[in-house]
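Would you mind keeping the following structure in view while I ask a few things?
Computation of the quantities below employed the complete heavy-atom set of this structure, encompassing side-chain atoms and omitting hydrogens, waters and symmetry-equivalent molecules. Indexing begins at 1, ligand by ligand and atom by atom, following the structure's order.
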Amino acid sequence: MTDFGKEYMARDIDHVLIDEETILKRIQELADRLSNEYRGKDLVCICILKGAVVFYAELTKRMSVHMKMDFMSISSYGDAEKTSGIVRIMSDINTSITGKHVLVIEDIMDSGLTLNHLKTLLGERKPASLKIVCLLDKPSRRECDITPDYKCFEIPNEFAVGFGLDYAGKYRNLPYIGVLKPCVYQ
Ligand code: IMP
Ligand code: MG
């Protein structure tokens, strides 16, 4: 059996940052911690589309507590290189979060501007608590005073793809996190 499909995409990868086994082990640890903290609470887990979709599925299926699952699609004003941090909600959740415990599940916190603004928007709906969960964190790039409440990995200032993260809409379905060869985006 050849693994042509994955090999084909792997040609564009310069190096693997975090392999699949390491990611799934870390997600299990985080799921156990979240299960302990949210047991017996009225929990809503919000997936920020599209980047968080793979992480969201792997995390929530390992959590052993009741929850409502909902999905939100947002876009940041600004160009491809730089987010302005002004968030537009393209598709909203249809669950009321007033008085509920909310986990916002996102792929990566980079400048932090997107999540900072989203936190303000969701906070206006008066949840009982509002916490941010990120698969990846690039603290060296932060431009505002925010940190994820829970995260799986800190990464250096490199552009990561895979496990939901994209470059120009591609590579989200890679089962690991890698860094693209510069020739792919130059
Ligand atoms: P922030 O507002 O700068 O924190 O931007 C966060 C968004 O930028 C993420 O949700 C991603 O869509 C995107 N992003 C930031 N860094 C990366 C990366 O290394 N790879 C892929 N997308 C990224
Ligand atoms: Mg994203």
Between ligand 1 and R141, can you find any atom pair, the residue atom being a heavy atom, that is separated by under 4.0 Å? no

Numbered atoms of ligand 1 (with element) below 4.0 Å of E106, judged on heavy atoms: 10 (O)

Polar contact flag, side-chain donor to acceptor under 3.5 angstrom, D70-T95: yes

Assess D166 for proximity to ligand 1: is some non-hydrogen atom of it under 4.0 Å away? yes

With a 4.0 Å cut-off on heavy atoms, is E143 in contact with ligand 1? no

Short N-O contact, D137 and R142, less than 4.0 angstrom: yes

Note: R62-E58 ion pair, threshold 4.0 Å (strictly below): yes

Quick check on contacts: which atoms of ligand 1 are under 4.0 angstrom from a heavy atom of K138? 16 (N), 17 (C), 18 (C), 19 (O)

Using atom types as modelled and distance alone, determine if a side-chain donor or acceptor of K170 lies under 3.5 Å from a backbone N or O of D166. no

Would you check if the side chain of S73 reaches a backbone N or O of S91 as a donor-acceptor pair within less than 3.5 Å? no

Which of the atoms of ligand 1 are close to E158, meaning less than 4.0 Å from one of its heavy atoms? 19 (O)

Looking at ligand 1, does any of its N/O atoms fall within less than 3.5 Å of an N/O of G112? yes

I need the atoms of ligand 1 closer than 4.0 Å to a non-hydrogen atom of T114, numbered in the order shown. 1 (P), 2 (O), 5 (O)

For G51 and ligand 1, answer yes if some heavy atom of the residue is under 4.0 Å from a ligand atom, otherwise no. no

Among D110, D107, L165, V87, whose heavy atom sits nearest atom 15 (C) of ligand 1? D110

Should the pair E37-R33 be classified as a salt bridge under the 4.0 Å nitrogen-to-oxygen rule? yes

Judged by atom type as modelled, is there a donor-acceptor pair below 3.5 Å linking the side chain of S35 to the main-chain atoms of S64? yes

Verify same cluster id: I13, Y185 (apolar side-chain graph, 4.5 Å): yes

Distance-only N or O hit between ligand 1 and A160, under 3.5 Å: yes

